[in-house]
2 protein chains.
Amino acid sequence: MINRDVVVKIMKGGNVFAEHIGNTLQPYGLSLQQFNVLRILRGRNGAAASLESVTGDMIHRMSNTSRIVDKLLEKGLVERVLCPENRRKVNIFITQRGLKLLKKIDRVINQTEETLTASLSKQEMDQLLQLLNKINFYNTKYTK
Amino acid sequence: MINRDVVVKIMKGGNVFAEHIGNTLQPYGLSLQQFNVLRILRGRNGAAASLESVTGDMIHRMSNTSRIVDKLLEKGLVERVLCPENRRKVNIFITQRGLKLLKKIDRVINQTEETLTASLSKQEMDQLLQLLNKINFYNTKYTK
DNA sequence: CTACAACAGTTGTTAATACAATGATAAATA
DNA sequence: TATTTATCATTGTATTAACAACTGTTGTAG
């Protein structure tokens, strides 16, 4: 059953990758999900990032993203700013300290990511990415 | 950064797939991991399946596999048999009831797996699988 | 044979996650 | 405008997972 093989392989692969990256992050006191939030925020380049929009780029429900932000806040890596236009919203920003930490981590994460994909040539990676992009990884749990 | 794109895509894809399959299993009262254990046991065709060897096919540490088996035991879906040759080992077997439940679930899981991969042709799936098989998804946490 | 190390599995504990319920604000509608 | 409904986020709670410590068994070195 080729469908099953593909699905199982991707699930297992995702978990293994997550484990390795999590191990890489451990010395820096960040969980994989905390790291994800920081990278998402950096990617916004200062644009407003409501909790909802951040959750949209993650694998979590909003309730848990909220608590992940709590942890980052305790460490001074992000800021929470009530949105004045819509006081239901909360905008999250990465701090200088957060950016600095990310910069430091970037190197080792790059190394880990390269190691994890070392068995593929550039062409194969292109090809793989193209195939993966055809799959609609639609997550149903953004909003709750 | 193509390495990063591949790694991130597989991690996210794995999570999304797991979520969908988990949703499919919910009406049957099985978690994804309980289902994994059952499928692994069925795949052994009655061959001895120590807890350690089952853990080897999973994404978990043995301690958690042990508790997943507890749950399956409560439901009468597996049996625990102390290994007489080596009394440290415990062999796990799937029961008739477990096989019956799996058989029922197979249909809907097949459906879900097909839906998840519907955007790929047979050739593309072959190609994708071939590329994924080049990656060494080596998990470091089997034994603990 | 005894002592010590390694192995297979279980139990304890804390942190992370899923899911439900709530709170506060904004939007829609009567 | 008053009332209802929808939106955005947080809090509560039970389940699941990671990690460490422990139990019982086997292997091995002296």
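Chain naming here is simple, since letters A, B, ... match the order of the sequence lines and numbering starts at 1 in each.
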- Query: Contacts to DNA chain D from residues 31-48 of chain B, heavy-atom cutoff under 4.0 Å, which residues?
  - Reply: Gln33(B)
- Message: Give the residues of residues 66-78 of chain A touching DNA chain D, defined as any heavy atom closer than 4.0 Å, sorted by residue number.
- Response: Ser66(A), Arg67(A)
- Would you give the length of the straight line joining atom CG of Asp57(A) to atom CD1 of Ile40(A), rounded to the nearest 0.5 angstrom? 4.5 Å
- Query: Could Asp106(A) and Arg39(A) be called an ion pair, given the rule that one side-chain N must be under 4.0 Å from one carboxylate O?
  - Reply: no
State which residues pass side-chain contact (heavy atoms from CB on, under 4.5 Å) with [X]; sequence neighbours excluded, sorted by chain then number.
X	value
Val16(B)	Phe137(A), Asn139(A), Lys12(B), His20(B)
Asp126(B)	Ile2(A), Lys122(B)
Asn91(B)	Ala48(B), Ser50(B), Cys83(B), Phe93(B)

- Donor-acceptor pair under 3.5 Å: do we get one between Ser63(B)'s side chain and the base of dC19(D)? yes
- Query: Is there a donor N/O on one and an acceptor N/O on the other, under 3.5 Å, for the side chain of Asn64(A) and the base of dA18(C)?
  - Reply: yes
Is a side-chain N or O of [X] found less than 3.5 angstrom from the main chain of [Y], in a donor-acceptor match?
X	Y	answer
Thr117(A)	Glu113(A)	yes
Lys75(B)	Gly29(B)	yes
Ser66(A)	Met62(A)	no
Lys134(A)	Glu124(B)	no

- Task: Considering just the side-chain nitrogens and oxygens of Arg80(A), establish if one lies under 4.0 Å of OP1 or OP2 belonging to dC8(D).
- Result: no
Protein-nucleotide distance ([X], atom [atom1]; [N], atom [atom2]), rounded to Å:
X	N	atom1	atom2	value
Asn91(B)	dG9(C)	CG	C1'	12 Å
Leu51(B)	dC7(C)	CG	P	17 Å
Gln26(A)	dA16(C)	CD	P	11 Å
Leu25(A)	dA16(C)	CG	P	13 Å
Glu19(B)	dT17(C)	CD	P	14 Å
Arg61(B)	dT16(D)	CZ	P	18 Å
Asn23(A)	dC19(D)	CG	C1'	12 Å
Glu52(A)	dT10(D)	CD	P	12 Å

- Could you tell me whether Thr65(A) contacts a base, only the sugar-phosphate backbone, or nothing, with contacts defined as non-hydrogen atoms closer than 4.0 Å? nothing
Show the distances under 3.5 angstrom between N or O atoms of the protein and N or O atoms of nucleotides 23-25 of chain D.
from	atom 1	to	atom 2	distance (Å)
dT25(D)	OP1	Arg87(B)	NH2	3.3
dT25(D)	O2	Arg88(B)	NH1	3.4

- Minimal non-hydrogen separation, Ala18(A) against Leu32(A), with atom names: CB-CD2, 3.6 Å
- Note on the structure: Heavy-atom closest pair (Ile92(A) atom, Leu41(A) atom, distance to 0.1 Å) is O-CD2, 3.5 Å
- Hey, mind stepping through Ile109(B) and Arg4(A) against side chain to side chain contact (heavy atoms under 4.5 Å, CB included) and telling me if it holds? CA-CA 9 Å; Ile109(B) 287 292; Arg4(A) 171 158 309 171; 3.8 Å; yes
